**Q** 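One structure coming up, written as structure tokens, with questions to follow.
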Amino acid sequence: MKKIVVDHLKYKYPLGEELALQDISFQIEEGEFIGIIGKNSSGKSTLCQALVGLVPHFYKGAYGGKVIVDGLEVKTHTIAEISLKVGMVFQNPFTQVTGSKMTVYEEIAFGLENIGLPREEMRRRIHEVLKLMKIEHVKDRSPFDLSGGQMQRMAIASIIAMKPDVLVLDEPTSQLDPAGSEEVFQAIQDLSGQGITVIMAEHKMEKVAQYCNRVLLLHEGKLVDFAAPEKIFSRNDLETYGVAAPVYTRVCKALGMKKQGCDSYPVTLKDAELALRGSLG
Amino acid sequence: MKSISLFVERESFVHGIDPITKLYYILFAIIIPIILPSFTISAICLGTSIILLIFAKVMRKTLPVYSFVFFVLITVVIIQGLFKPGNETVLLQLGPVAMYKEGLQFALTIVFRVTNIVSAFMILVLTTKPSDLVEALVRKGMSPRIGYVIVSVFQIIPEMMTTMSTIMDAQRSRGMETEGKLLVRIKAFIPLLGPVVLGSLINTKERAMALEVRGFNSRNPKTYLNEEKTYPNSRFIQAVMLVLTVCAVAWRMFL
Ligand SMILES: Nc1ncnc2c1ncn2[C@@H]1O[C@H](COP(=O)(O)OP(=O)(O)O)[C@@H](O)[C@H]1O
Ligand SMILES: [Mg+2]
């Protein structure tokens, strides 16, 4: 089933001079884990926000085309309605703290209170996401007294607790160290495994290559390509879009070593190792 | 935890009274002296508030507030004592300056009224967590948006002050003078306004978006993580205040 259909989407910010999104069309299946890549200002955040309805409802501006999420047309529904299906985690963890709750535990409850969950269900879900995001030990602290990484985990936990069908994450691991990023990616992959559709804008290409089913490459508001990671990262023109392939791909490319039995280069450590071992005999 | 609220965490029966009852108490402390404008009644009301503040173990926190209030009121006393129209009975003569009884009496009434109201407010402010007060009001039907704004101000302003001092530290480490004469301080302060104000505007926009996607504008009836606190005595206290008010009105009308 098509979970997300984007059809000739065009968008210009009210104060923007050019279209931030130029005629974008693609479709996403239920349960896919999608990566959005592209250099700075290529439109990644704008596209993410178009999936939850912040574009156009929050910013206004000129909007054309259609975005349909789980059968719901974004343009004709309120953000509150859409947010029951689509959760979004933003780049800056600090501005996602509501500022009206005294503890991390209560902070996570904020969204659940708004959608009117019964208390028992709230407690069950909060417990679950605290464990999933590994922040149980800070549950009684003030949300503002966390490290950047912990805040980011809390932001993700707050959205996951609302159990959206579709999870949109805009560079959600920018404040996390490599080990922390890995943990968060693992947790999100678990969710993806449970059938949640995940869309993530991300700079860490090794992670994108390892975890995403498909990768969407944006450049100056245009969709350049939307395909499997091997295909995207094997492109010869990648640098013209300001994107560097994962280090494994670059090494294999330099050595001219393609993935066994296909026409693209390996994108993960495991595949690179396989290709190298294969070529060594 | 940084906070700009004056709330003092203590164990006392005053802390255990529900915020709404404390609000009623403020109203009570304002209208009783209006219904019965006698010294004795004002003094009894004031005495009650002060006893409650003592029981709440927050007397020390009240001192700066009281000092400020007295500082303002002393000027009222002097001006009324010296110049109130209708001053007749001289109470105190210092050379050409005379203090009059009528003016002083009038001034004292004002002093009692103001201190009385201030004390009642302090019972609320010093012994109630702002978030408890707002939650109680939202449950009573106040708009959650207004509630959110009130509570978040208590948390976000201290955050802004932290940002400010971080930038100040950075500037000081680069050799900028940030201490000393007032002018020096102001000069150091002005360049901060740009980044801090702009920063918090951007933050406000981003925070608003984050709230949106967490269903802040959802039409679903809201639920609460915390069970509504039950305050066993609040009905009784409210009833007593109501009865006293009715008695006061009756007293005024029939005696
Ligand atoms: N609020 C805004 N108003 C006007 N233009 C904006 C706004 N936000 C982003 N833009 C512009 O839209 C384009 C895409 O930005 P963005 O989606 O943030 O890119 P990315 O997330 O890939 O860095 C950029 O040219 C940026 O300058
Ligand atoms: Mg971005």
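A, B, ... follow the sequence lines: proteins, then strands. Residue 1 opens every chain. What you see is a predicted model; the values in this text were computed from it and never measured. Computation of the quantities below employed the complete heavy-atom set of this structure, encompassing side-chain atoms and omitting hydrogens, waters and symmetry-equivalent molecules.
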**Q** Between Phe94(A) and chain B, with a heavy-atom cut-off of 4.5 Å, which part of the residue counts as in contact: side chain, backbone, both or neither?
**A** both
**Q** Are any side-chain N or O atoms of Arg214(B) and backbone N or O atoms of Ile159(A), one a donor and one an acceptor, separated by less than 3.5 Å?
**A**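 No, because the side chain of Arg214(B) does not come within donor-acceptor range (under 3.5 Å) of the backbone of Ile159(A).
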**Q** More than 12 heavy atoms of other residues, nucleotides or ligands under 6.0 Å from OH of Tyr24(B): yes or no?
**A**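 Count not over threshold, so no.
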**Q** Looking at Asn114(A) and Gly215(B), what are the two nearest heavy atoms and their distance?
**A** CB-O, 3.1 Å
**Q** Using a cut-off of 6.0 Å, state whether more than 12 heavy atoms not belonging to Lys75(A) lie near its atom NZ.
**A** no
**Q** Take atom CZ of Phe68(B) as the centre, draw a 6.0 Å sphere, and report whether it contains more than 12 heavy atoms from other residues, nucleotides or ligands.
**A**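 Atom CZ in Phe68(B) is not packed in, count stays at 12 or less.
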**Q** Can you tell me if NZ on Lys61(B) sees more than 12 non-hydrogen neighbours from other groups inside 6.0 Å?
**A** no
**Q** Heavy-atom distance under 4.5 Å between the side chains of Met209(B) and Tyr59(A), does that happen here?
**A** yes
**Q** In terms of heavy-atom pairs under 4.5 Å with chain B, which of Ser100(A), Gly87(A), Ala80(A) leads?
**A** Ser100(A)
**Q** Just so I understand: if I count every heavy-atom pair under 4.5 Å between each of Gln96(A), Arg123(A), Arg141(A), Met88(A) and chain B, which residue has the most?
**A**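 Going by pairs under 4.5 Å, I would pick Arg123(A).
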**Q** To the nearest 0.5 Å, how far apart are CG in Leu225(B) and CG in Leu112(A)?
**A** 8.5 Å
**Q** Look at Val134(B), Asn226(B), Val149(B) and state which one has the largest set of heavy-atom pairs under 4.5 Å with chain A.
**A**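 The answer is Asn226(B).
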**Q** Which distance, rounded to the nearest 0.5 Å, do you find between the CD1 of Ile79(A) and the CG of Leu211(B)?
**A** 11.0 Å
**Q** I'd like to check Arg119(A) versus Thr223(B) (side-chain heavy atoms, cut-off strictly below 4.5 Å). Are they in contact?
**A**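 No, their side chains stay 4.5 Å or more apart.
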**Q** Other residues, nucleotides and ligands only: do more than 12 of their heavy atoms fall within 6.0 Å of CZ on Phe13(B)?
**A** yes
**Q** Check the pair Glu212(B) / Phe58(A) against side chain to side chain contact (heavy atoms under 4.5 Å, CB included), numbers first and verdict last.
**A** CA-CA 9 Å; Glu212(B) 288 277 354; Phe58(A) 186 83; 4.3 Å; yes
**Q** So which atom in Val213(B) and which in Leu54(A) form the shortest heavy-atom distance, rounded to 0.1 Å?
**A**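 Between these two residues, the closest heavy atoms are CG1-CD1, 4.0 Å.
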**Q** Given that the side chain runs from C-beta out, which part of Gln49(A) has a heavy atom under 4.5 Å from chain B: side chain, backbone, both or neither?
**A** side chain
**Q** Counting heavy-atom pairs under 4.5 Å with chain B, which one of Ala109(A), Ser83(A), Gly99(A), Gly53(A) comes out on top?
**A** Gly99(A)
**Q** With a cut-off of 6.0 Å (strictly less than), are more than 12 heavy atoms of other residues, nucleotides or ligands near NZ of Lys39(A)?
**A** yes
**Q** Can you confirm whether Arg10(B) is buried at CZ, in the sense that more than 12 heavy atoms of other residues, nucleotides or ligands lie under 6.0 Å from that atom?
**A** yes
**Q** Are Lys101(A) and Val151(B) close enough that some pair of their side-chain heavy atoms sits under 4.5 Å apart?
**A** no
**Q** Do Thr98(A) and Phe216(B) make a side-chain contact, defined as non-hydrogen atoms from C-beta onward lying under 4.5 Å apart?
**A** no
**Q** Nearest 0.5 angstrom please: Glu81(A) CD to Asn217(B) CG, how far?
**A** 11.5 Å
**Q** Check whether more than 12 heavy atoms from other residues, nucleotides or ligands sit under 6.0 Å from atom OH of Tyr13(A), and answer yes or no.
**A**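 Yes.
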